[in-house]
Amino acid sequence: MAGTSKRSMSPHSSQPSSPRTSSCEMFGYVGIEAVLDQLKIKAMKTGFEFNIMVVGRSGLGKSTMVNTLFKSKVWKSSPVNKLGPLPQTLQLQSVTHTIEEKGVKLKLTVTDTPGFGDQINNDKCWDPILNYINDQYEHYLQEEVLITRQHHIPDTRVHICVYFVPPTGHCLRPLDIEFLRRLCRVVNVVPVIARADSLTLEEREAFRWQIQEDLKKNGIFVYPQKCFDEDTNDKALNDKIREKIPFAVVGADREHIVNGKCVLGRKTKWGIIEAPICRTSKTSPIMFTMKIIEYTD
Ligand SMILES: Nc1nc2c(ncn2[C@@H]2O[C@H](COP(=O)(O)OP(=O)(O)OP(=O)(O)O)[C@@H](O)[C@H]2O)c(=O)[nH]1
């Protein structure tokens, strides 16, 4: 609301002032062009909420990838999982952090699903995940329809679910297909090839192509779905993203010096594999997040 120095005069400024206009003038010009500034100020003040769920077998690099994506230690695998036996049932665990980038605050919640696909019998192992996602929508909707609703409804809806496909180099497993078919109906799904450094470039491309075929054949519509092609620019951008699906990810949470530059990467006997998300992403994690939040609403 607060006025900025570059405001143009209101077309109504010459009209007799009413008590209403004078109170508006106190805060500067009120017109359509001021809406953008008002939205920006509001967004800067309240920040954004982004809820990401990661699903995949234990040890596929989920925590490492989330830390790589947000360039900070936002998630740490539970030490119980590392030392003790695998959980007998799927348990959802969430952790929330506030990240700030150039004055924009992001409340990031990461929900992990330890135990998914780790059992001998994985029948219906997706139920707790789907129930959780649906419950969050239900909860948000109930808050929204209240007559005296809160000024700010805490948003716990899952904006995106990153699904980690093991780097087998073959095709999607029946478990992946059954789960993804159900999941894509309730949330934006981003499938990724986990630990992609274990495949050669040719193997990776062939695996990606095979997964794209499996997704098509089984009616699995992942992010970005066709309904987001609102205009030609959106379509061109979304088509580029579609070609890259599933994204091949290499997670790394250690920094190394390469050619005098500090990079996140995995040090191997043959050299350093730079974490591709950091290298190729022209958009910051916060910008990437905004795009997905826009799609959820
Ligand atoms: N080669 C390779 N190793 C990775 C990659 N990402 C993570 N790792 C390693 O894999 C191991 C497991 O990584 P985590 O991120 O803890 O895996 P997770 O899926 O969160 O595991 P849980 O917490 O047990 O569910 C660690 O030793 C990581 O350093 C990757 O892209 N490539």
Side-chain angles (χ1 to χ4, degrees), residues 51-97 108-120 122 125-126 128-129 132 158 160-170 172-173 175-176 179-180 183 189-205 207-208 211 244-256 258 262-281 285:
N51 306 317
I52 180 170
M53 180 183 261
V54 287
V55 184
R57 230 186 44 208
S58 176
L60 282 181
K62 299 184 293 292
S63 335
T64 314
M65 203 285 276
V66 170
N67 293 339
T68 310
L69 187 59
F70 291 94
K71 298 183 186 165
S72 42
K73 285 246 180 240
V74 290
W75 186 261
K76 198 168 181 305
S77 305
S78 141
V80 178
N81 288 355
K82 295 273 178 251
L83 305 173
L86 288 169
Q88 287 303 300
T89 51
L90 192 143
Q91 304 148 356
L92 277 78
Q93 300 171 348
S94 296
V95 69
T96 299
H97 286 269
L108 171 72
T109 301
V110 183
T111 303
D112 194 5
T113 53
F116 176 83
D118 288 334
Q119 314 301 325
I120 295 172
N122 287 305
C125 64
W126 45 76
I129 297 176
Y132 175 84
V158 178
I160 184 174
C161 178
V162 182
Y163 186 72
F164 286 70
V165 180
T168 59
H170 298 304
L172 286 180
R173 303 161 305 164
L175 172 65
D176 301 322
F179 177 57
L180 288 174
L183 190 69
V189 180
V190 175
V192 297
I193 302 174
R195 304 177 72 132
D197 53 314
S198 59
L199 299 170
T200 65
L201 291 178
E202 293 79 28
E203 285 166 347
R204 193 186 296 179
E205 277 319 301
F207 191 35
R208 175 179 286 141
I211 292 176
K244 300 267 173 230
I245 280 179
F247 301 110
V249 296
V250 178
D253 43 19
R254 296 250 170 99
E255 288 185 332
H256 305 275
V258 177
C262 195
V263 295
L264 268 180
R266 304 192 65 79
K267 191 172 183 184
T268 70
K269 191 175 160 190
W270 304 278
I272 289 170
I273 305 168
E274 214 178 311
I277 280 171
C278 296
R279 194 183 56 220
T280 57
S281 175

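Note that ligands are numbered from 1 as they come in the structure, with each ligand's atoms numbered from 1 the same way.
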Inset, instruction - Examine D112 against ligand 1 and note whether any of their N/O atoms are separated by less than 3.5 Å. - result: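 No, there is no polar N/O contact under 3.5 Å.
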Inset, instruction - Return a yes/no value for V250: is any of its N or O atoms, backbone included, closer than 3.5 angstrom to an N or O of ligand 1? - result: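 In fact, backbone or side chain, V250 has no N or O that close.
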Inset, instruction - Report yes or no: does G59 have a heavy atom closer than 4.0 Å to ligand 1? - result: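 Within the 4.0 Å threshold, so yes.
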Inset, instruction - State, to 0.1 Å, how close R195 and L60 come at their nearest heavy-atom pair, and which atoms those are. - result: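 Residues R195 and L60, closest heavy atoms: CG-O, 3.5 Å.
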Legend entry - Contact check, side chains of L183 and C161, non-hydrogen atoms, under 4.5 Å: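 Touching, per the 4.5 Å side-chain cut-off.
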Legend entry - F164 CZ to T113 OG1 distance, which is reported to the nearest 0.5 Å: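 Taking CZ in F164 and OG1 in T113, the distance rounds to 9.5 Å.
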Legend entry - Residue list, side chain to side chain donor-acceptor pair (under 3.5 Å) with Y163, at least two apart or on another chain: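 D176.
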Inset, instruction - Sequence neighbours left out, what passes side chain to side chain donor-acceptor pair (under 3.5 Å) with R208? Give chain and number order. - result: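 Scan of R208 (side chain to side chain donor-acceptor pair (under 3.5 Å), adjacent residues dropped) gives E205.
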Inset, instruction - Enumerate the atoms of ligand 1 whose separation from the nearest heavy atom of K62 is less than 4.0 angstrom. - result: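 The list of qualifying atoms is 15 (O), 17 (O), 18 (P), 19 (O), 20 (O), 25 (O).
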Inset, instruction - Nearest heavy atom to atom 24 (O) of ligand 1 wins, so pick from S63, S58, G56. - result: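 Looking at heavy atoms only, S58 sits closest to atom 24 (O) of ligand 1.
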Inset, instruction - Quick one: look at D197 and ligand 1, take heavy-atom pairs under 4.0 Å, and tell me if it's side chain, backbone, both or neither. - result: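 The answer is the side chain.
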